[in-house]
Amino acid sequence: MPSEKDGVMIILSSPSGAGKTTLVKMLSKMENFEISISHTTRQPRPNETSNEDYFFVNEKEFKRLIKNEEFLEYAKVFSNFYGTTRTPVIDKLNKGKNVLFDIDWQGADQIKNKNLDYKLISFFILPPSKEILFERLSNRDMKDKLIAEERMKQFGRDVLHWINYDYVIINDNIETCYSKIINLIHAEINNGSKDYDAEYIRNHIEKLTS
Ligand code: 5GP
């Protein structure tokens, strides 16, 4: 049973370009919320800071961490490795901090299946439409533009994992989306009533996948 004093694990996943990283950063500004910084073998983007956005490591170092069993979860995403080291997460949770994870569905599944003694709330963020997603993916730097089409194909596969999450949130407006997530987190922590329209979500997913 999770202890009342322990922090809560909050996972945000989404197909690439749905705005999840921005949301995680906004949520991390709340008192007592901290982001779990992942390790990755991907090259840093121009706007990214090492040890803040990610711990950027080479494949040899990543494999060493796997061998030493330091990862709580790890996965290969778009031909790069990404992983969450266990110790910093557990330390934060034991200090009563709520930990935010910006990870893909593979990592979310792994954490869920571990059945850790901490409360877990998972969110799957979706774009308002496929057209808007393509626009968002193409608006990044030139190198990313080249992989926007590849990521659109991936979208069709990733979206199917919505079913394994506690809540699906549509990011049509970042502030609204942020408030919905905060309200659901508070409702989950305090056993309050939840403002969540599962029927509307199912209809939206049908449109995205048709
Ligand atoms: P990006 O390269 O755009 O920063 O991230 C690509 C994907 O990898 C995103 O879906 C992101 O959530 C996911 N990701 C980032 N860190 C981790 C991690 O530690 N573990 C897993 N499983 N996925 C991650």
Side-chain angles (χ1 to χ4, degrees), residues 9-28 34-59 61-66 68-90 92-93 99-114 116 120-127 133-162 164-165 167-169 171 177 181:
M9 298 191 286
I10 297 149
I11 297 182
L12 270 78
S13 300
S14 73
S16 192
K20 160 199 50 166
T21 305
T22 312
L23 283 165
V24 169
K25 289 203 171 143
M26 285 166 82
L27 291 164
S28 73
E34 284 187 20
I35 300 179
S36 157
I37 304 172
S38 297
H39 283 67
T40 183
T41 58
R42 158 167 90 56
Q43 290 299 308
R45 296 195 179 113
N47 59 336
E48 286 178 329
T49 311
S50 179
N51 303 348
E52 242 176 64
D53 294 291
Y54 280 106
F55 296 111
F56 294 99
V57 293
N58 60 28
E59 215 163 296
E61 172 62 5
F62 200 96
K63 290 196 168 145
R64 188 190 67 78
L65 293 168
I66 297 177
N68 282 2
E69 298 185 355
E70 293 197 32
F71 286 119
L72 184 60
E73 64 74 32
Y74 70 91
K76 200 168 191 184
V77 188
F78 304 124
S79 73
N80 287 301
F81 286 104
Y82 294 82
T84 308
T85 44
R86 183 193 317 267
T87 310
V89 170
I90 302 297
K92 286 185 179 101
L93 291 167
V99 181
L100 296 157
F101 300 84
D102 173 345
I103 61 177
D104 84 327
W105 64 268
Q106 305 174 81
D109 274 1
Q110 289 173 43
I111 293 185
K112 209 168 133 187
N113 290 336
K114 288 220 154 85
L116 300 172
L120 169 66
I121 315 170
S122 61
F123 294 94
F124 197 63
I125 314 298
L126 285 178
L133 175 67
F134 189 72
E135 247 171 63
R136 285 181 190 168
L137 287 172
S138 310
N139 280 341
R140 288 184 178 171
D141 64 56
M142 272 314 286
K143 202 168 154 224
D144 280 351
K145 219 171 205 149
L146 297 173
I147 55 171
E149 277 180 25
E150 184 201 327
R151 291 196 170 194
M152 282 306 289
K153 280 192 211 141
Q154 187 67 34
F155 172 77
R157 295 189 285 267
D158 286 348
V159 72
L160 304 175
H161 297 281
W162 71 276
N164 293 328
Y165 288 77
Y167 301 103
V168 175
I169 311 285
N171 183 9
C177 188
I181 294 174

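Order of appearance sets the numbers: ligands from 1, and atoms from 1 within every ligand. Just so it is clear, the model here is predicted, and its values are computed rather than measured. We use all heavy atoms of the structure for the numbers below, so side chains are in, but hydrogens, waters and symmetry mates are not.
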Discussion item. I need the full list of side chain to side chain donor-acceptor pair (under 3.5 Å) pairs touching residues 71-81, with sequence neighbours left out, sorted by first then second residue.
Written reply: Glu73-Thr84

Worksheet item: Of the backbone atoms (N, CA, C, O) and the side-chain heavy atoms from C-beta on, which set of Gln43 has a member under 4.0 Å from an atom of ligand 1: side chain, backbone, both, or neither?
Response: neither

Discussion item. Ignoring hydrogens, what is the shortest heavy-atom contact between Ile125 and Pro15? Give both atom names and the distance.
Written reply: O-CD, 3.4 Å

Fill in: Under 4.0 Å to a heavy atom of Thr84 - the qualifying atoms of ligand 1, by number
19 (O)

Response to the item:
At under 4.0 Å between heavy atoms, what of Arg42 touches ligand 1? The answer is side chain

Worksheet item: Quick one: does Lys76 get within less than 4.0 Å of ligand 1, heavy atoms only?
Response: no

Item to complete: Within a distance under 4.0 Å of any heavy atom of Lys20, pick out the atoms of ligand 1 and give their elements.
Response: 9 (C), 10 (O), 11 (C), 12 (O)

Worksheet entry | Closest to atom 19 (O) of ligand 1 among Ser38, Gly107, Ala75 (heavy-atom distance) | Ser38

Response to the item:
Only one of Tyr82, Phe55, Phe56, Tyr54 passes ring pair (Phe, Tyr, Trp, His ring centres under 6.0 Å) with His39, and that residue is Phe55

Worksheet item: Is the backbone of Ser122 close enough, under 3.5 Å, to the side chain of Lys112 for a donor and an acceptor to pair up by distance?
Response: no

Worksheet item: With a cut-off of 4.0 Å, which atoms of ligand 1 are near a heavy atom of Arg45?
Response: 1 (P), 2 (O), 3 (O), 4 (O)

Worksheet item: Going by heavy atoms, is Glu73 under 4.0 Å from ligand 1?
Response: yes

Worksheet item: Any non-hydrogen atom of Gln110 lying under 4.0 Å from ligand 1?
Response: no

Item to complete: Taking all non-hydrogen atoms of both residues into account, name the closest pair between Ser13 and Trp105 and its distance.
Response: OG-N, 4.1 Å

Discussion item. Ignoring hydrogens, what is the shortest heavy-atom contact between Ala108 and Ile103? Give both atom names and the distance.
Written reply: N-CD1, 3.6 Å

Worksheet item: If we only count N/O pairs under 3.5 Å, is Val77 in contact with ligand 1?
Response: no

Response to the item:
Those residues at least two apart in sequence (or on a different chain) that pass ring pair (Phe, Tyr, Trp, His ring centres under 6.0 Å) with Phe62 are Phe71, Phe81

Worksheet item: At under 4.0 Å between heavy atoms, which part of Tyr54 makes contact with ligand 1: side chain, backbone, both or neither?
Response: side chain

Worksheet item: Any nitrogen or oxygen of His39, main chain or side chain, under 3.5 Å from a nitrogen or oxygen of ligand 1?
Response: no

Fill in: Geometric N/O contact Glu48 with ligand 1, under 3.5 angstrom
no

Worksheet item: Should Asp104 and Lys20 count as an ion pair when the cut-off is N to O under 4.0 Å?
Response: no

Practice prompt. May I ask you to check if ligand 1 and Tyr74 share an N or O to N or O distance below 3.5 Å?
Written response: no

Practice prompt. Ignoring hydrogens and angles, state whether a donor on the side chain of Gln154 or Arg157 is under 3.5 Å from an acceptor on the partner side chain.
Written response: yes

Item to complete: Return the option from Tyr82, Phe78, Phe71, Phe81 holding the heavy atom at the smallest distance from atom 2 (O) of ligand 1.
Response: Tyr82

Item to complete: Give the atoms of ligand 1, by number and element, whose distance to some non-hydrogen atom of Arg151 is under 4.0 Å.
Response: 3 (O)

Discussion item. Quick test of your reading of the model: are Lys153 and Glu149 salt-bridged, counting only N-O distances below 4.0 Å?
Written reply: no

